[in-house]
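Values reported hereafter were calculated over all heavy atoms of this structure, with side chains retained and with hydrogens, waters and symmetry mates removed.
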Amino acid sequence: MIQTKTIYTVHSPGTIVYGRDSFEEVGVYAKKLGTKALIISDPIMDRLGFVNQCSTFLRDNGLETLSYLGVTTEPVDTYVAEGLHILQSEGCDLIISVGGGSCIDTGKAIAVVATNGGYIGDYMKMEKIAEQAPIPHIAIPTTAGTGSEATDATVITNTKNEVKMMIKQPAFMPNIAIVDPILTVTSPPSITAATGIDALSHAIESYLSRLAHPYSNALALSAMELIVNNILKVYEQGNDIDAREAMSLGSMQAGLSFSNASVALVHGMSRPIGALFHVPHGISNAMLLPAVLEFSKDACVDRLADLGKFFNKDNELLSQEELADLAIVSIKEMCKKMDIGNLKQWGIDEQAFYDAIPKMAADAIASGSPGNNPKVPTQEELMELYKIAFHYEF
């Protein structure tokens, strides 16, 4: 007799601080963890004044600060090496990451490698286990999207073989997450759309995942409802702070959910596109999401129906099948309203893309994420899905 698993392990940051103006508390929490902080950020955050604000909050609480602002693209292994050199040469004992998922993922990687050694890629697929406690890390997101502040995963591109390395171990979880929706108000519509669809993808995939469980399901459902009801509001009116707050909460909940239940086929397919064609992660997720849901639908009608209910509150007369279809159609309409195009419209050369499909399919499968999908594709099905996505009409 096959027994259903009923025992689960949940990972989350030791402390989560969220709400308007919570950024101002960073110094209060940082002084409990260290005395000299390395701020991991990027030039845009610096121009917006967030890096200087963070330094001020830290200094007001007695900490020394340095900054590494080299994260100018999605995270790569060279950023990890550069940030690590500064951390070690300057004797920093605390990392504060301020920015989107790229800054936070870079901070996570530096924190672990600093105390456990080696190359960040060594930790992929648990080949090297981080046995030593990482450098303490406070993650402060400035977008409502990746949820990286609440996950024990980091995605770093290997610049030699152009593979996005999905690395997941408990040691990569930040000690503290500070989620202040005020910091997301500066995000332009294009970034708001990309990160918002990324968060929705996290919530949907964790809910559909074969590894989903009651804790992750509760977070995923809450995240989906918050994001569905607010993503177009923040896209169309970026100063709507109530909607921004809802999106920040939904993004964090989605991060907590997928960190404990895993993502699936969308993310598995998305990472190779980002590594080879430099499409931002959230955008490539959006380009893939409807096509992957159509492929997966027969294996998860009931779960997709739950998503469909958030798009139509008067759903008592709709069947499970109709609600599942509604979910997919509504996501397509949402993407269209936010100007999400297909891969061809993004400007990718068609022949180059088709030539890369065998590598992308192999890399996607190797990441492990497609195996969590409710309908697990063969390599041939995966290759066909890439072709569908290239010309997909929203």
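- The nearest pair of heavy atoms linking Met45 to Asp42 is N-OD1, 2.8 Å.
- A donor-acceptor pair is defined here as one N or O able to donate and one able to accept, closer than 3.5 Å; such a pair exists between the side chain of Glu205 and the backbone of Val266.
- Residues Ile204 and Leu293 meet the side-chain proximity criterion, which asks for heavy atoms closer than 4.5 Å.
- In terms of modelled atom types and a separation under 3.5 Å, the side chain of Tyr386 and the main chain of Met269 share a donor-acceptor contact.
- In this structure a side-chain-to-backbone donor-acceptor pair under 3.5 Å is present from Asp93 to Thr35.
- Annotation for Ile178 and Ser22: closest pair CG2-O, 3.5 Å, computed over non-hydrogen atoms.
- In this structure, CZ on Phe295 lies 4.0 Å from CD on Glu381, to the nearest 0.5 angstrom.
- Not a single donor-acceptor pair under 3.5 Å links the side chain of Arg59 to the backbone N or O of Glu64.
- Once rounded to the nearest 0.5 Å, the distance linking CG of Asp306 with CG of Asn217 reads 9.0 Å.
- Put simply, the side chain of Leu323 does not reach to within 4.5 Å of the side chain of Leu304, judged on heavy atoms.
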Exercise for the section: Give the intermediate values and the outcome of side-chain hydrogen bond (donor to acceptor under 3.5 Å, both in side chains) for residues Gln351 and Asp355. Expected result: CA-CA 6 Å; Gln351 190 57 54; Asp355 289 345; 2.8 Å; yes

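- You'll find the side chain of Cys54 reaches within 4.5 Å of the side chain of Ile96, heavy atoms only.
- Using cut-offs of 30° and 60° on the angle between ring planes, the pair Tyr392 and Phe394 is perpendicular.
- Annotation: Glu127, atom CD; neighbour count of heavy atoms from other residues, nucleotides and ligands within 6.0 Å is above 12.
- In this structure, Val179 and Val17 have side chains that are not in contact, with every pair of non-hydrogen atoms separated by 4.5 Å or more.
- Between Pro188 and Ile191 there is a side-chain heavy-atom pair separated by less than 4.5 Å.
- No continuous path of ILVMFWY side-chain contacts below 4.5 Å connects Val234 to Leu226, so the two sit in separate hydrophobic clusters.
- Within the 3.5 Å criterion, the main-chain N or O of Ile197 finds a donor-acceptor partner in the side chain of Ser201.
- To the nearest 0.5 Å, atom SG of residue Cys300 and atom CG of residue Asn373 are 7.0 Å apart.
- Under a 3.5 Å cut-off, the side chain of Lys297 and the backbone N or O of Val292 do not form any donor-acceptor pair.
- Test Thr159, Thr106, Thr73 against Tyr79 for side chain to side chain donor-acceptor pair (under 3.5 Å) and you get one pass: Thr73.
- For Lys387 and Phe390, the positive end is not near the middle of the six-membered ring at less than 6.0 Å and at most 45° from its axis.
- Proximity of a side-chain donor or acceptor of Ser209 to a complementary backbone N or O of Val263 within less than 3.5 Å is not detected.
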Problem - Step-by-step salt bridge (Lys or Arg N to Asp or Glu O under 4.0 Å) determination, Lys332 to Glu393 - result: CA-CA 9 Å; Lys332 289 170 70 170; Glu393 292 298 326; over 6 Å; no

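- No more than 12 heavy atoms of other residues, nucleotides or ligands lie within 6.0 Å of NE2 in His85, so this atom counts as exposed by the packing criterion.
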Exercise for the section: Step by step, work out the salt bridge (Lys or Arg N to Asp or Glu O under 4.0 Å) result for Glu225 and Lys313. Expected result: CA-CA 11 Å; Glu225 184 170 20; Lys313 304 299 182 186; 3.7 Å; yes

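- Considering CG of Leu385 and CD of Glu294, their distance stands at 9.5 Å, rounded to 0.5 Å.
- Residues Gly91 and Lys36 come closest through the heavy atom pair O-CD, 4.0 Å.
- Side chain to side chain, His267 and Asn285 meet the donor-acceptor criterion of an N or O pair below 3.5 Å.
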Practice task
Show the numbers, then the answer: is there a side-chain hydrogen bond (donor to acceptor under 3.5 Å, both in side chains) between Arg244 and Ser187?
Solution key: CA-CA 10 Å; Arg244 288 284 189 186; Ser187 293; 4.7 Å; no

Problem - side-chain hydrogen bond (donor to acceptor under 3.5 Å, both in side chains) evaluation trace for Asn372 with Ser262 - result: CA-CA 7 Å; Asn372 299 324; Ser262 185; 2.7 Å; yes

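- In this structure, Ser284 and Ile273 approach most closely via the heavy-atom pair CB-CG2, 4.1 Å.
- No side-chain heavy atom of Asn342 sits under 4.5 Å from any side-chain heavy atom of Trp346.
- With Thr195 contributing its side chain and Gly145 its backbone, the two residues share no donor-acceptor pair below 3.5 Å.
- Using a 4.5 Å cut-off on side-chain heavy atoms (C-beta onward), Ile86 and Leu38 make contact.
- Expressed to the nearest 0.5 Å, how far CG of Leu317 lies from CG of Asn312 amounts to 9.5 Å.
- No donor-acceptor distance shorter than 3.5 angstrom exists from the side chain of Glu24 to the backbone of Phe57, with no hydrogens or angles considered.
- The two atoms that bring Cys92 and Leu66 nearest to each other are SG-CD1, 3.8 Å, heavy atoms only.
- Of all the heavy atoms in Ala223 and Ala203, the pair that sits closest is CB-CB, 3.9 Å.
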Handout entry: Residue pair Asp180, Tyr18: steps toward the side-chain hydrogen bond (donor to acceptor under 3.5 Å, both in side chains) verdict
Key = CA-CA 6 Å; Asp180 186 343; Tyr18 75 96; over 6 Å; no

Handout entry: Pair Lys164-Glu74, salt bridge (Lys or Arg N to Asp or Glu O under 4.0 Å): steps then yes or no
Key = CA-CA 10 Å; Lys164 273 194 172 185; Glu74 293 196 341; 2.5 Å; yes

Practice task
Go through the steps for Asp298 and Lys375 under the test salt bridge (Lys or Arg N to Asp or Glu O under 4.0 Å), then give the verdict.
Solution key: CA-CA 8 Å; Asp298 290 346; Lys375 180 180 179 181; 5.5 Å; no

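- Separating the NZ atom in Lys108 from the CD1 atom in Ile95 is a distance of 12.0 Å, to the nearest 0.5 Å.
- In this structure a side-chain-to-backbone donor-acceptor pair under 3.5 Å is missing from Asn158 to Gly121.
- Between Phe353 and Phe277, the two ring planes are tilted [angle within 30° to 60°].
- Of the candidates Asn315, Leu221, Val228, Lys309 forms a side-chain contact (heavy atoms from CB on, under 4.5 Å) with just one, namely Asn315.
- Annotation: side chain of Pro141 is in contact with side chain of Ile104 (closest heavy-atom distance under 4.5 Å).
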